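All remarks here apply to the structure that follows.
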Amino acid sequence: MVEIIITEKFSVASDFAKALGVKQKFDGYFKNEQTIITWAVGHLVELWEPEDYDPNLKKWRIETLPVIPERFKYKPISKTYKQFNIIKSLLDNDNIDRVVIATDAGREGEVIARTILLESGFTDKERIFRFWTSQALVPEVVRKNMNELKPLSHYDRLWRAGYYRQVADWLVGMNCTRMVTLRLRISGELFSVGRVQTAVLSLIVDRKRERDRFVPEIYWIIKVLFSNPKGKWTGYWFQDKKIEGSLDSVPDDLKNLHALKKKEDVDRILKKIKQSKSGVVKSIKKENKKEPPPFLFSLTDLQQEANKRFGFSAQITLDIAQTLYQDKKCLSYPRTDSRVLGTQNLDMVKNILSKLELTYQNMFFGVDSTKISLSNKRVFNDAKLTDHHALIPFKPLPPDATYQEHSIFNLVLSRFIAAFYPDCEFENTKVITELEGETFQTNGKVVIVDGWRAVYQEETQDSDKLNLDSKKRKKSSSDSLVSSGKAKHEEIVENIPALAKGDIANCEKIVPEEKKTTAPPDYTDSLILKDMTNPSKYVEEEEIKKLYRGDVGIGTQATRAQIIETLINRKYIERSGKKLIATEKGVFLVDILRKSPLTSVLTSPEETARWEMSLNTIALGEPPSDKNAIEAVTSSHEESNRNAIKNFGQIPATSFLAHIKEFVAKAVNELKLAKFDHVFKPSDLNRPTGKNSKPQELVKQSDKNLKSQEQSKESKKNLKKTNLPKPPLSDNCVCPLCGGNIIEGKKGYGCSNWRAENGNCRFVIWKEIMGKVLTEQHIQTLVSGKTTKLYVLRDAQGNKFKAKLKMVRKDNKNYSIEIIPESRDIIMSNQNVIQCLR
DNA sequence: GCAAGGTC
């Protein structure tokens with residue numbers, strides 16, 4: 001018997017070759033007497049372009065829209081044409097007894113295989129079988145599942161759902177992009193529109209609006225420093241009852257407790273408690289809590305974490321992970337949405353751990369070997385497995401790795417090892433102190449057992465730290481994203497003295513503090529990834545909310561980074577440090593689309609998520625078609641089935657395509673007829689987008705501008721080549737020694753008066769301090785004498801630690817950057833002080 | 001000049 005196995009990518013083909021003992025490798029396939037194993041490179045076949053159907057469609061014209069092909073056709077993708085031809089010629093052989101589809105176990109994997117077969121002209125379904133598993137492809141899994149091949153028809157519905165996804169995205173994208181661009185007719189400006197990119201853009205635009213509209217509200221909190229012979233503690237005034245006129249923009253857990261909106265209430269309370277010298281400890285509640293190690297990384301989780309910790313964009317993280325997987329072979333397949341491994345992976349994990357232990361011995365001291373077993377369901381869980389397992393390290397990082405690769409690898413490594421550590425155990429203490437009938441709350445947290453936190457520190461920069469209770473903490477961090485604003489309020493006290501109920505509480509100090517509510521944060525890569533992964537909060541209906549939990553998102557893990565970059569390339573959003581902020585162009589597009597009922601659907605994450613849901617229903621719930629699936633999706637049968645559907649609900653498979661076509665035709669017509677009262681001038685594109693943003697450099701594609709763009713690129717190049725001085729940093733960033741400008745040099749930021757004739761000032765701050773690369777913003781913070789945020793630094797041995805940086809004056813000619821470690825365990829030595837003066 | 005989905 002001769003069989004051909006087709007996988008989605010080379011690495012899988014190689015797994016199959018190993019498992020089945022097919023040793024000889026040819027150009028594009030492995031082969032022995034009975035078995036040929038070949039691979040795709042993702043999609044090898046794509047839908048025709050509009051101009052492939054009709055050359056007249058090459059030129060964009062309003063009159064030729066909408067483009068709705070009667071039958072959609074495919075063609076090989078030019079970049080991978082060679083591999084497609086290899087597969088095609090392998091299939092073009094009468095001796096083939098069976099073809100085994102072994103692409104990834106999912107909707108797109110199905111599309112990849114079916115379109116290759118379709119385009120190769122291999123239509124004999126009787127000879128096609130499906131290899132299907134979610135397990136990692138260790139030899140036993142490959143061999144076992146090769147003996148349990150499934151009939152192709154079991155997956156016809158999946159192929160149908162994938163096909164609908166493709167054509168629906170094509171119809172919306174091609175037609176709406178062309179129509180919007182043509183209707184707006186702004187010289188050279190492309191206004192792309194798509195199911196995913198437009199929904200994501202809307203989120204970012206809405207966030208900008210929210211922030212622009214936001215009016216901070218003033219409120220007060222009252223802190224009291226208590227003491228008794230046992231020690232000191234700080235209590236925060238609170239009241240259980242709702243206060244009249246409470247703040248809307250303060251989260252629920254704060255507004256009824258600590259925040260006081262009226263000054264007279266503050267004065268009244270202050271007057272009352274000032275009379276008293278001492279109060280009493282009214283109650284003490286202690287609770288012991290356990291916290292298991294975090295799940296292993298999915299790609300999106302890793303991207304979020306790397307963005308929070310290192311400021312890497314989603315794309316950078318994916319690129320680094322891809323290199324570590326593909327070239328350095330020390331990470332597993334990166335494009336995964338799974339956070340667990342399969343039970344079949346246990347032996348592999350044992351091998352990997354023993355390999356890693358030789359190199360990273362210092363991270364293994366607390367590993368609980370009983371957790372390296374199948375009873376550890378947070379790691380080994382077949383039920384939660386999707387087509388790839390979680391991201392894990394395979395072997396130690398080679399020594400030639402870059403700093404960035406080091407950062408990403410270490411994250412994955414420490415999360416992996418932490419998964420086999422014991423739980424973290426801590427004690428929460430809640431003290432209520434009473435003073436003149438007013439109540440004050442103190443929260444304390446004492447870690448009893450570090451557990452996994454000894455090797456993996458959690459980053460909490462993007463979420464707030466308001467509550468200690470993990471349930472509450474989750475709630476408050478998600479609330480902070482949807483509420484119109486929040487009150488920042490630190491109430492964590494690490495060490496509370498060993499108080500007892502009835503203890504005296506001397507009132508040492510009363511501190512009323514005026515605060516302002518803050519707007520919801522700008523999106524970052526991390527925050528937008530989170531909302532794309534889990535759009536359920538944009539869904540009102542409880543039933544659909546439930547269905548969305550985890551499964552349905554906006555975009556997929558493999559493309560989310562790309563979507564963010566597309567929005568930036570289109571100048572819909574711009575990056576400012578870590579922030580992603582909508583531009584005038586982005587705001588304008590969303591406004592245009594929201595003017596008409598159908599096109600506004602595209603700006604609604606709820607509607608687009610619902611759309612995905614319908615495709616899932618088709619993949620899972622529709623009765624199997626007795627037709628040949630390939631025929632079914634390419635026949636014109638559906639054309640006649642024109643059930644107009646008013647909204648996106650549960651759409652029967654048979655009318656999905658008809659519905660989409662109708663939707664697109666109507667949406668395009670809306671855009672065609674729409675009257676845009678606001679005439680958008682090209683000059684609008686160059687306007688600053690808001691109070692805090694810089695003017696955009698939106699370059700129009702006219703010849704003149706292109707030229708100037710080229711020129712500016714050229715001049716930048718020359719700048720580097722000739723080492724011309726760069727423009728100084730901002731006006732308020734001046735040399736503390738002589739008042740000169742701070743300019744960026746090759747290795748540091750220094751004083752512009754460095755020449756002898758200008759005073760020979762030697763002030764400089766090096767760009768890299770213990771592994772931390774400093775940007776202009778950091779320099780501004782340091783020069784202004786402020787302390788920076790907490791950063792991850794590295795000592796001379798390469799050990800990570802967290803510290804803040806601050807510039808301090810040593811004498812009248814010396815400044816130095818002091819490194820203030822987070823943990824007192826790190827001893828300050830002279831090494832921790834970097835001189836600013838050469 | 002257009003989408004989103006894979007892959008490298």
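Everything quoted here is computed from the prediction, not taken from an experiment. The sequence lines fix the lettering, A, B, ..., with proteins before strands; numbering per chain opens at 1.
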Please confirm whether the shortest side-chain N or O distance from [X] to OP1 or OP2 of [N] is below 4.0 Å.
X        : N     : result
A:Arg560 : B:dG6 : no
A:Gln166 : B:dA4 : no
A:Thr559 : B:dG5 : yes
A:Ser192 : B:dA3 : yes
A:Thr556 : B:dA4 : no
A:Arg195 : B:dG5 : yes

Rounded to whole Å, how long is the line connecting atom [atom1] of [X] with atom [atom2] of [N]?
X        : N     : atom1 : atom2 : value
A:Leu47  : B:dG6 : CG    : C1'   : 13 Å
A:Leu44  : B:dC8 : CG    : P     : 12 Å
A:Trp39  : B:dC8 : CH2   : P     : 12 Å
A:Arg335 : B:dA4 : CZ    : P     : 18 Å
A:Tyr74  : B:dG6 : OH    : P     : 14 Å
A:Leu567 : B:dA3 : CG    : C1'   : 13 Å
A:Gln557 : B:dG5 : CD    : P     : 10 Å
A:Trp48  : B:dA3 : CH2   : P     : 21 Å

Side chain of [X]: nearest nucleotide among [options]?
X        : options             : value
A:Thr181 : B:dG1, B:dG6, B:dC2 : B:dG1
A:Val196 : B:dC2, B:dA4, B:dT7 : B:dA4
A:Ala558 : B:dA3, B:dG5, B:dT7 : B:dT7
A:Gln197 : B:dC8, B:dG5, B:dA3 : B:dA3
A:Tyr333 : B:dA4, B:dT7, B:dC8 : B:dT7
A:Leu190 : B:dA3, B:dG6, B:dG1 : B:dG1
A:Glu51  : B:dC2, B:dA4, B:dG6 : B:dC2
A:Glu108 : B:dT7, B:dC2, B:dG5 : B:dG5
A:Arg165 : B:dA3, B:dC8, B:dA4 : B:dA4
A:Gln562 : B:dC2, B:dA3, B:dG5 : B:dG5

Contact class for [X] vs. all strands (heavy atom < 4.0 Å): base, sugar-phosphate, or nothing?
X        : result
A:Gly555 : sugar-phosphate
A:Val193 : sugar-phosphate
A:Asp104 : sugar-phosphate

Practice prompt. Check each of A:Glu51, A:Glu49, A:Glu63 against A:Arg178 using the salt bridge (charged side-chain N to carboxylate O under 4.0 Å, His left out) test, and report the only one that passes.
Written response: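 Single pass found, and it is A:Glu51.
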
Fill in: Stacking check A:Trp60 vs B:dG1 (5.5 Å / 30 deg)
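Here A:Trp60 meets both the 5.5 Å and the 30° conditions.
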
May I ask you to say whether [X] pairs ionically with [Y], meaning some side-chain N is under 4.0 Å from a carboxylate O?
X        : Y        : value
A:Arg339 : A:Asp301 : yes
A:Asp206 : A:Arg594 : yes
A:Lys585 : A:Glu189 : yes
A:Lys666 : A:Glu662 : yes
A:Arg114 : A:Asp156 : yes
A:Glu110 : A:Arg160 : no

Item to complete: Would you kindly compare A:Phe10 and A:Ile77 by the position of their nearest DNA chain B nucleotide and give the one closer to the 5′ end?
Response: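 Residue closer to the 5' terminus by nearest nucleotide: A:Ile77.
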
Fill in: 5' priority, DNA chain B, between A:Gly173 and A:Glu8 [closest heavy atom]
A:Gly173

